[in-house]
Amino acid sequence: MARIAYIGLGVMGGAMARHLAAAGHDVTVFNRTEGKASDWVAANGGRAAPSPAAAAEAADAVFTCVGADADLEEVTLGEHGAFAAMREGALFVDHTTVSAKIARRLAEEGADRGLLVVDAPVSGGQAGAEQGTLSIMCGGTIEALARAHPLMDAYAARIVHVGGAGAGQQTKMVNQIAIAGVIQGVAEALRFAQAAGLDTAKTFEAVSAGAAGSWQMQNRWASMSAESFDFGFAVDWMRKDLGLALEEARGNGATLPVAALVDQFYAEVQALGGGRQDTSAIVRRLGR
C-alpha cells in the first residue's frame, strides 16, 4: 500500500484516483472545487486536503490531472504547490495533457528537490478512465517509471516508456494529430453517405471491418449519424491539444497541414456553440 495524493478530480482524475483507492492505496485528494473533493471522499474513502501542499506532505507519490500548463504550474510550484511539501525520493506523476516545455521544467525542478518525475498523458477518454483501460505514454527516467508503473497498473491497459522528460507529452501530441485527421475523414465519409441516400447503418457494416475501419468509426459513426455529440473528449480540449502540437511543431520543424486545418474546423464548431460537445461534432460544419 502506498500513501498517494491525487490532485484534480475531473472526469479523468476522479476515476483514476478511484482505481487507486480500490487497489488498496491510502489516497488523499485535492480539488479546487471543495465540494467535488468531499463528494469523492464520501464515495471512495480517504481524505480531502485543503491545498496541494497539504495533500502531498506525507505522500509516497503525488498524481496530478488538471487543465493546462498554468493549472499544473499552480498546483506544483505555486504558493501552496505540492513540490515544496514533497519529501526527497517521492514520486510525481502528471497525467495532464500539457506542453513538453512544462514537463521538462517540472522534471528539472523535481530533480533539484530529489523527486522522481514522470510526464504521463493518457489516451482512452472518460470511458477508459472509468473502466481502468487507459493507454499511458510516459516520459522520464527508468527509475521514475519503475516506481510509477505498478501504481498506474490500477487504471491502465498499456503503459509505454517513450523517452526522457517531455517525451510523454510529445507522444500525446502524435496521438492527437492522428485523431484529428481520422475524425475529419469519418465525418466527410458519413456526410457523403447521407448525401448519396445510403443506409448509414448498412454502410458502416460494409466498410468498418476493412481498411477504412478505425476507433473513431467504430465508436462515433452511429452517434454522428444521430447528431448526438455528448460522448467523450470535448472540442474545447481538442483545440487546446492541437494548439500544443502546432506550437511544438513550430519549434521542431515538423509540418502539420492537416492538423492545422482541422484545428480551424474545430474553431468553426466552437463558433456554432459546440465547444463542449465531443470531437465528432466536427461533422456539424459539413451541414446535412
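The structure displayed is predicted, hence computed values, not measured ones.
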To the nearest 0.5 Å, tell me how far T64 OG1 sits from E74 CD. 12.5 Å
Would D26 and R47 pass as an ion pair if we require N to O under 4.0 Å? yes
E247/R250 salt bridge by N-O under 4.0 Å criterion: yes
One pair to check against side chain to side chain contact (heavy atoms under 4.5 Å, CB included): L72 and T76. What are the steps and the verdict? CA-CA 6 Å; L72 181 59; T76 53; 4.0 Å; yes
Which atoms form the tightest heavy-atom contact between M152 and A120, and what is the distance? SD-CB, 4.3 Å
Could you tell me whether the side chain of V93 reaches within less than 4.5 Å of the side chain of R147, counting heavy atoms only? no
Kindly check if the number of other-residue, nucleotide or ligand heavy atoms within 6.0 Å of CD (E227) is above 12? yes
Check: T200 main-chain N/O paired with W221 side-chain donor or acceptor under 3.5 Å: yes
Does the pair L246 and L256 meet the rule for a side chain to side chain contact (heavy atoms under 4.5 Å, CB included), with working shown? CA-CA 7 Å; L246 293 166; L256 305 178; 4.1 Å; yes
Which heavy atom of T279 sits nearest to which heavy atom of I183, and what is that distance? O-CG1, 4.0 Å
Quick one: does H161's side chain have a donor or acceptor within less than 3.5 Å of a partner on I142's backbone? no
For E248, the option from K172, R104, K101 that meets salt bridge (charged side-chain N to carboxylate O under 4.0 Å, His left out): R104
Any L261 side-chain heavy atom under 4.5 Å of Q184 side chain: no
Quick check for you: to the nearest 0.5 Å, what is the distance between S225 atom OG and R191 atom CZ? 8.5 Å
Between L115 and L91, is there a side-chain heavy-atom distance shorter than 4.5 Å? no
Could you please spell out the steps behind the side chain to side chain contact (heavy atoms under 4.5 Å, CB included) verdict for W237 and Q176? CA-CA 11 Å; W237 292 113; Q176 303 304 74; over 6 Å; no
What is the distance from atom CD of Q277 to atom CD of Q270, rounded to the nearest 0.5 Å? 11.0 Å
Distance from S51 atom OG to F30 atom CZ, nearest 0.5 Å? 6.5 Å
Compute the centroid of each ring, for F83 and then for F92, and state whether the two points are separated by less than 6.0 Å. yes
To the nearest 0.5 Å, atom CG of L145 lies from atom CD1 of I159 at 7.5 Å
Transitively linked via ILVMFWY side-chain contacts under 4.5 Å: L9 with V27? yes
Salt bridge (charged side-chain N to carboxylate O under 4.0 Å, His left out): pairs with one or both residues in residues 54-63, sequence neighbours excluded: R3-D60, D60-R87
Hydrogens and angles aside, do E268 and Q264 bring a side-chain donor and acceptor to less than 3.5 Å of each other? no
State whether the side chain of N31 and the backbone N or O of A37 hold a donor-acceptor pair below 3.5 Å, judged by distance alone. no
Answer yes or no: is there a side-chain heavy-atom contact under 4.5 Å between L77 and R105? yes
Calculate, to the nearest 0.5 Å, the distance between atoms CD and CG belonging to Q169 and D119 respectively. 5.0 Å
Restricting to salt bridge (Lys or Arg N to Asp or Glu O under 4.0 Å), what partner residues turn up for R239, sequence neighbours left out? D263
Hydrophobic cluster membership, V207 vs M224, 4.5 Å side-chain cutoff: yes
Please answer whether the main-chain N or O of I102 pairs with a side-chain N or O of S99 as donor and acceptor at a distance below 3.5 Å. yes
Could you tell me whether a side-chain N or O of W40 sits under 3.5 Å from a main-chain N or O of G14, the two making a donor and an acceptor? yes
Would you name the heavy atoms of S228 and D278 that are closest together and state the gap between them? O-OD2, 4.3 Å
Tell me whether E188 is salt-bridged to R285, with the criterion being a basic N under 4.0 Å from an acidic carboxylate O. no
Check whether any side-chain heavy atom of Q218 sits under 4.5 Å from a side-chain heavy atom of F204, and report yes or no. yes
Only one of H19, H95, Q131 clears side chain to side chain donor-acceptor pair (under 3.5 Å) with Y155; which? H95
Just by modelled atom types, is the V66 backbone N or O under 3.5 Å from a matching donor or acceptor in the T96 side chain? yes
Salt bridge check: are E205 and K202 linked by an N-O gap of less than 4.0 Å? yes
Stepwise, does the side chain to side chain contact (heavy atoms under 4.5 Å, CB included) test hold for V118 with D94? CA-CA 6 Å; V118 180; D94 176 45; over 6 Å; no
Given the rule that I, L, V, M, F, W and Y join up when any side-chain heavy atoms are under 4.5 Å apart, are F229 and L190 in one cluster? yes
Same apolar cluster: L106 and V122, side chain cutoff 4.5 Å: no
R113 side-chain N/O to M86 backbone N/O, donor-acceptor pair under 3.5 Å: no
Shortest non-hydrogen contact from P121 toward G168: CG-O, 3.2 Å
Where is the tightest heavy-atom contact between M1 and G24, given as atom of each residue plus distance? CG-O, 3.0 Å
I'd like to know if I136 and V11 are part of one continuous hydrophobic network [Ile/Leu/Val/Met/Phe/Trp/Tyr, side-chain heavy atoms within less than 4.5 Å]. yes
Ignoring hydrogens and geometry, is there a side-chain-to-backbone donor-acceptor pair from D71 to A68 under 3.5 Å? yes
Nearest heavy-atom neighbours spanning T97 and L244: O-CD1, 4.0 Å
